[in-house]
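The next block holds one structure in the form of structure tokens; read it before the comments.
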Amino acid sequence: MKEAEKRREVSLFVTIRDDFSLEKIADCGQCFRARRFGDGTYLFISGDRVLRIRKVRPEDKYEVDCSGEEWDSFWKEYFDLDRDYSRIREICSSQFSEECDGTGTFLMKAAESGEGLRILRQNSWEVLITFILSQRKNMPAIAASVEKLSRLYGHRLDVRNDRKDDTDMSRVLVISGKEDKETGLYSFPTPEELKCASEQDLRDAGLGYRAPYVRDAIDKIMSGELDLEAMQNLDDDALFDRLVTVKGVGKKVADCISLFGFGRTGRSPVDVWIDRAISRCGGEDPFPKFGEYAGIMQQYVFYYMTHTDNS
DNA sequence: GACCAGGTGGCCT
DNA sequence: AGGCCACATGGT
């Protein structure tokens with residue numbers, strides 16, 4: 001038995017039959033703290049929870065390092081496992097043929113390339129802040145920024161069986177540069193942990209012109225002016241209207257927060273990549289036509305645009 | 001050292 | 001309502 005196996009005290013095997021690609025999920029730009037170890041184990045962080053998950057021999061089996069109770073009550077929902085993505089892809093592909101000329105085949109190829117993606121049920125506060133940070137940054141820069149904020153204002157997570165061999169770990173989202181020798185995991189800071197950070201503190205953390213935006217978000221949450229829990233009950237348009245009251249949250253970021261932080265799969269954010277995709281579809285945004293699945297199709301296309309050579 | 005990045009707010013017609 | 005443009009920082 002290998003050393004790495006011995007250290008694993010808790011080991012649970014779960015079955016996932018639906019579309020599920022750890023590599024794509026970790027590297028699709030909706031969560032920014034996923035990592036991959038050299039042995040193909042992936043790590044996800046949500047709140048104070050950390051999950052290591054690895055595909056094992058039978059095709060639909062995965063090894064996870066949490067209890068069965070935690071898997072059932074938390075991670076299954078996090079990965080949106082109650083939704084049948086393969087069926088959604090079928091439903092969507094039946095609409096492709098109705099598209100004129102190149103658009104249908106373009107969407108078809110995108111959906112194929114994104115097979116295995118899922119819309120994660122992330123914490124809405126974390127999504128609010130990380131997508132404010134995301135504007136005018138590339139994915140490695142976003143990941144680095146989120147990581148830095150977590151190290152500065154989050155708290156250290158005491159991880160089960162913490163590995164001693166963190167150095168041979170490679171991250172899917174590369175945390176650039178030199179600080180990377182440091183081991184240990186940090187939680188994403190809560191509103192309480194950030195409430196004392198001044199705008200200047202946030203600038204010092206490298207947030208640049210987004211510092212006052214994040215500061216405004218903290219203020220609105222702490223004052224109760226923005227109640228993320230209560231906003232779960234709003235319909236999509238009302239939720240959107242509340243989100244854009246935060247400085248630095250415009251249409252695109254509000255749609256991202258709705259989709260990734262509130263599970264509103266009818267929302268399809270339009271960023272620079274999707275804008276290029278729309279141009280390729282003759283200038284008309286094809287996503288709203290997919291109704292409740294618009295956001296899922298958008299994710300497939302986003303993945304396609306960012307992971308294939310397009311000229 | 002340009003040029004760009006999962007945009008937005010504030011101005012200007 | 002719609003068209004510019006500054007904005008901070010880091011990757012490529």
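Quick note on labels: first sequence line is chain A, next is B, and so on, each numbered from 1. Not measured: the values here are computed from a predicted model.
In this pair, A/His307 and A/Tyr303 present their aromatic rings parallel. The plane angle is below 30°, not in the 30 to 60° band.
Here B/dG6 presents its C1' atom at 14 Å from CG of A/Leu117, a figure rounded to the nearest Å. Regarding A/Lys137, its NZ atom lies at a distance of 7 Å from the P atom of C/dG10, rounded to whole Å.
Position along DNA chain B of the nearest nucleotide to A/Val249 versus A/Phe302 favours A/Phe302 as the more 5'-ward residue.
In summary, the aromatic rings of A/Phe20 and A/Tyr85 are positioned with their centroids too far apart to meet the 6.0 Å limit. No close placement of the A/Phe188 and A/Tyr153 rings is indicated, their centers lying 6.0 Å or farther apart.
Minimum atom distance to the side chain of A/Tyr213 is reached by B/dT8, of the listed B/dA5, B/dG6, B/dT8. The A/Tyr209 side chain lies nearest to C/dA8 when the options are B/dT8, B/dG6, C/dA8.
The same atom, P, is picked in B/dG9 and in C/dG10; the two are 23 Å apart, to the nearest Å. Annotation: C/dC5 and B/dG6 have their P atoms spaced 23 Å apart (nearest Å). Taking atom P on both C/dT12 and B/dG7, the two are 16 Å apart, rounded to the nearest angstrom.
Side-chain nitrogen and oxygen atoms of A/Arg276 include at least one within less than 4.0 Å of the OP1 or OP2 phosphate oxygen of B/dA5.
For A/Tyr303 and B/dG6, a side-chain-to-base donor-acceptor distance below 3.5 Å is absent, hydrogens and geometry of angles not being considered.
No engagement by A/Val270 is indicated, since no non-hydrogen atom pair under 4.0 Å with the nucleic acid exists. Residue contacts shown for A/Arg203 are limited to sugar-phosphate atoms, with no base heavy atom under 4.0 Å away.
In summary, of the residues considered (A/Tyr78, A/Phe131, A/Trp125), a ring-ring contact (aromatic ring centres under 6.0 Å, His included) with A/Phe260 occurs for A/Phe131 alone.
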